[in-house]
J.: 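Let me give you the structure first, and then I'll get to my questions.
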Amino acid sequence: MGNCIQNVSARASLVARGDTWIESDAIQQLIKTSELSGVIRAVGMPDLHPGRGYPIGAAFLSEGYIYPALVGNDIGCGMAVWSTDLAVHKIKLDKLEKQLGNIDQPLGDDWQEMVRKRQQDKQVMPGVFDSALGTIGGGNHFAELQMVDEVYMPEQLAAVNLSVKHLCLLVHSGSRGLGEQILRQHVDKYSHKGLDVGSDAFHEYVERHNHALRFAELNREFIARRLLSNLKTRGEMVLDVNHNLVEPYSLGSGWVHRKGATPAEQGMVMIPGSRGDYSYLVQARPSDTSLCSLAHGTGRKWIRSGCKARLSCKYTVEQMKRTELGGRVICGSRELMYEEAPQAYKSIDNVISAMSEAGLIDIVARFRPVLTYKTRGTQG
DNA sequence: ATGTAC
């Protein structure tokens, strides 16, 4: 127990336990970013880790300026949870693995009518990045079938229509090439400087950013619809929460930048561990000390470039397709197999207990990974 | 992170 929110500088604080592993480089990035012009406060979450210039797993409150470069290229990246009608007791992993199919290619002609309809519903403009809709992308993005492992608040679990009897589907992806294009075009024109709130450039960015949020939500929706269709089951979206964005601060004035930080004002959220670890459905408690934010996952422990050397001598790719919790992994990319290995990530239990002890969450249920989809890669 | 840039 004890105080899990501590100041690390005049404007920066950290949600972590004494035994939460956080690299000093990440804390230095947090402090440096908190000193940008107009930034008032920065809060690192327990999954804080170093990024390119700015740390990942943090929220930043600014006044007078916003920083598009701080949101990054994957505008609207987030977590969606869908229910399914797949009975847990009927699971056959070999069959499930085959049935899940391949969703690496653009959606086919048979999907286009629904794509047009959902684009209209969500005011997502058709464009060159439509071919990315319904695809996961790379890096830490994934889709995962999970089962309930432990229930702490049954009535809350029932409130989102999830049950111990059926698998659920977690989708982590973002705005793909669209968000990347928005950031690149923005940086080409304005560099990494802050934008004056109210300026033409500000309005232009916010409009494109908000469109990318809707595109990212639609992408996660089609990833889920496509997998449910392959599995010949039905399901509904029960949660969809963005963790890369900038928006007006709900608990005060200014703008909050979420760089891999889950909002705490939308009720329940899913916080996943690595593919070999649990995910937690939690009820968020809005709190100003945390800038109304939570961790978005568990955070890297190893840099991507170091993973293969550490793991390839110890494990074959075939061995890595099975995880300690009994899950399976579909990942045709050798590089990704190593880069996203459970060993490369921190323990989710520590991240969750840090937030719990800081009074930021109540734990609803724990989920166990069953089948993780990354990419079929070249192996069909 | 990215129908990447090297």
Side-chain angles (χ1 to χ4, degrees), chain A residues 26 29 33 45 47-58 60 67-80 102-108 111-112 115 124-143 171-188 192 205 208-209 211-213 215-220 222-223 226 241-246 257-262 272 274-275 295-300 302-307 331-340 344-345 373-378:
Chain A
Q29 285 185 335
T33 309
M45 302 301 143
D47 61 335
L48 188 77
H49 58 283
R52 292 194 74 78
Y54 309 109
I56 299 154
F60 303 89
Y67 288 88
L70 191 43
V71 175
N73 64 333
D74 198 3
I75 303 162
C77 186
M79 302 282 173
N102 182 336
I103 63 159
D104 297 344
Q105 302 308 314
L107 289 162
W111 285 94
Q112 293 312 314
V115 168
V124 172
M125 303 307 136
V128 293
F129 296 105
D130 287 3
S131 59
L133 280 172
T135 66
I136 288 173
N140 59 358
H141 290 170
F142 65 87
V171 177
H172 178 206
S173 189
S175 55
R176 313 286 276 100
L178 179 65
E180 198 274 336
Q181 185 194 55
I182 293 169
L183 179 67
R184 186 168 31 80
Q185 290 178 347
H186 175 81
V187 170
D188 283 352
H192 281 238
Y205 173 76
R208 298 187 78 189
H209 159 283
H211 180 240
L213 297 187
F215 181 92
E217 290 160 8
L218 197 61
N219 182 34
R220 290 189 289 271
F222 276 104
I223 290 168
R226 204 175 186 183
V241 182
N242 296 320
H243 55 230
N244 281 1
L245 73 159
V246 57
H257 301 67
R258 292 204 167 87
K259 176 80 172 166
T262 299
S274 74
R275 67 188 185 212
H296 75 311
T298 186
R300 295 196 76 83
W302 298 350
I303 56 167
R304 288 184 180 280
S305 55
C307 296
C331 183
S333 154
R334 227 182 137 76
E335 292 300 316
L336 264 186
M337 199 59 160
Y338 291 114
E339 289 174 7
E340 293 297 313
Y345 282 87
Y373 186 101
K374 295 289 287 180
T375 173
R376 288 287 178 181
T378 50

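All figures in this text were calculated on a predicted structure; none of them were measured in a lab. Numbered from 1 within each chain, the chains take letters A, B, ... in sequence-line order.
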J.: Closest heavy-atom contact between A/Pro68 and A/His186?
T.: CG-NE2, 3.3 Å
J.: Quick one: salt bridge (Lys or Arg N to Asp or Glu O under 4.0 Å) partners of A/Arg304, sequence neighbours excluded?
T.: A/Glu339, A/Glu340
J.: What nucleic acid atoms does A/Gly137 come within less than 4.0 Å of, heavy atoms only: base, sugar-phosphate, or nothing?
T.: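 Sugar-phosphate contact only - A/Gly137 comes under 4.0 Å of backbone atoms but never of a base.
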J.: Could you tell me whether a side-chain N or O of A/Asn73 sits under 3.5 Å from a main-chain N or O of A/Leu183, the two making a donor and an acceptor?
T.: no
J.: Between the main-chain N or O of A/Val246 and the side-chain N or O of A/His257, is there a donor-acceptor pair closer than 3.5 Å?
T.: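 The answer is no, because no donor-acceptor pair under 3.5 Å joins these two groups.
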J.: Polar pairs (N or O, both sides) under 3.5 Å between protein and nucleotides 3-5 of chain B?
T.:
from, atom 1, to, atom 2, distance (Å)
B/dG3, OP1, A/Gly177, N, 3.1
B/dG3, OP2, A/Arg176, NH1, 3.0
B/dG3, OP2, A/Gly177, N, 2.7

J.: Side chains of A/Tyr54 and A/His192: does their closest heavy-atom pair fall under 4.5 Å?
T.: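 Answer yes - side chains close enough.
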